[in-house]
Amino acid sequence: MVESLRKPFADQLEEIRNELVRMAGVLIEAIPRCTEALLASDLAAAQEIIDADDVLDDASLALEHHCHQLLALQQPTAGDLRAIMAALTINYEIERSGDLVENIAKAMRRVYGTEFGPRLRGLIAQMSEEATRLMRFAVDAYADGNSGLAAALDDIDDRLDRLNHQCLAMIVGEEGPEMGEMASRVQLALIARYYERIGDHAVNIGERVRYMVDGWRPPQSEEATAESRAGSTAGTDGGGSGG
Amino acid sequence: MTAVTDATAAAESEAFPPDVVFRVKDLDCYYGSHRAVRYVTMDVREREITAMIGPSGCGKTTVLRCFNRMNDLIEGARATGTLLFRGVNLYDSRVDPVEVRRRVGMVFQKPNPFPKSIFDNVAYGPRIAGAVPKRELPDIVEASLRRAALFDEVKDRLKDSAIGLSGGQQQRLCIARAIATSPDVLLMDEPCSALDPISTAHIEELMHTLKEEYTIVIVTHNMQQAARISDRTAFYTAEVDSETNVRYGLLVEFDTTEKIFSNPSDERTENYVTGRFG
């Protein structure tokens with residue numbers, strides 16, 4: 001058993017990890033609740049979700065401050081340094097995903113009164129499930145230091161990307177006019193896009209977990225960028241897990 | 001250093017990479033029959049700062065003292081394995097240890113100026129080397145003091161005793177004294193451990209400048225210092241021989257300093273730099 005000679009510092013690192021997992025838990029619960037409110041056109045529930053995001057924002061600022069303190073005062077190295085650097089970026093990904101959930105709730109108010117057909121409802125429910133599942137995997141990978149699971153997220157995210165494309169095709173296709181005015185359709189497209197972006201943030205968390213566990217970094221060369229551009233599916237999603 | 005003239009050595013020397021100052025391979029250091037340091041393999045590169053870190057008794061100072069054969073002065077001390085300096089076997093019987101120490105200078109943990117004037121301290125090496133005309137001494141002293149970032153502080157009192165200088169100034173004087181003989185390499189054995197943070201910062205800044213002209217090997221207990229100043233870091237640790245129950249030091253990992261402090265390969269390195277033990 002390896003013990004730290006710097007027990008208080010080790011305890012604080014543990015605290016940061018627990019706090020981040022707790023924040024992720026709040027986010028993971030918020031995604032399906034938000035979808036429920038959206039599909040039920042429940043304005044009160046949407047307002048609750050919008051208000052709840054402030055809690056996540058505050059927690060994120062507090063966590064950032066905590067990481068900053070440890071960097072300034074404890075001179076972390078090696079695995080400890082990577083853990084703090086990873087926590088800082090994962091914190092951002094979670095906070096940003098929380099904003100996207102809030103965006104969905106706000107967009108729902110703008111499409112209030114629009115009838116969603118059964119196919120669109122099904123697609124939205126599936127996107128919500130996928131986004132929740134991806135985020136749950138990402139946080140599990142973080143909590144367990146599981147770089148294998150973290151590395152798999154990019155592939156798992158493909159399904160959410162496909163659902164997003166299906167959703168967009170429906171909105172601009174023959175069924176589009178049945179969804180009401182152009183303004184409503186734009187909001188629906190944005191809603192789909194918000195779910196898809198949550199998946200991208202989960203993939204980003206996976207990359208940070210790999211960095212934390214193995215020191216792995218995404219390839220930076222121009223070829224790698226070109227390759228990922230060529231590899232990403234064409235369309236309006238604006239590109240992969242880039243963030 | 002005395003030239004080793006036989007054909008094999010010359011061939012070795014030709015093939016030797018010009019940017020490698022010391023090549024250490026499977027070096028073991030003995031004190032009497034005790035094999036105190038084992039399995040040391042590392043290259044010290046030109047115009048880099050190489051740091052050696054590790055807990056007490058891990059052998060880092062012993063290895064440092066091999067680089068200018070200071071261990072010769074300890075009875076019963078010897079080294080086996082390969083230690084090449086610019087391609088030449090440092091422990092070859094034809095190599096003159098005094099010449100080695102002129103080319104490989106050393107700065108110690110505690111500043112140790114001679115009880116002489118500031119000028120005489122710096123002029124000491126060139127004087128006993130005897131190769132310098134007397135009239136050139138003032139220039140050499142000034143140049144050395146300037147390189148050691150001390151000249152402006154002492155230029156009006158070069159005839160004063162060196163003992164009157166502050167600890168940090170004394171250490172910079174020792175560095176000036178070490179570089180006055182135009183060495184190739186500077187060895188530093190915990191050069192800042194007796195100094196306050198400001199003097200430490202002066203020495204670290206100085207090392208950064210000296211790196212442009214010299215190759216530096218430093219032993220330090222201060223891991224953050226190694227992280228701040230060095231290009232490569234060697235991590236040593238102490239283990240207990242399972243047969244004889246005697247402690248010995250060994251080199252665990254040698255890599256770029258960034259790698260050692262951000263993502264070391266060996267778990268023992270990780271535990272040491274993050275302050276864990278197991």
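Chain letters run A, B, ... following the sequence lines, proteins first, then strands; residues in each count from 1. Everything quoted here is computed from the prediction, not taken from an experiment.
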For [X], I'd like to know if atom [atom1] has over 12 heavy atoms of other residues, nucleotides or ligands within 6.0 Å.
X: A/E36; atom1: CD; value: no
X: B/E153; atom1: CD; value: yes
X: B/E205; atom1: CD; value: no
X: B/H208; atom1: NE2; value: no

Counting C-beta onward and ignoring hydrogens, is there a side-chain heavy-atom pair between B/E270 and A/T77 closer than 4.5 Å?
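No - every pair of side-chain heavy atoms lies 4.5 Å or more apart.
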Side chains of A/R82 and B/N263: closer than 4.5 Å at any heavy-atom pair?
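They are in contact (side-chain heavy atoms under 4.5 Å apart), so the answer is yes.
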So which atom in B/T274 and which in A/G79 form the shortest heavy-atom distance, rounded to 0.1 Å?
CG2-N, 4.2 Å
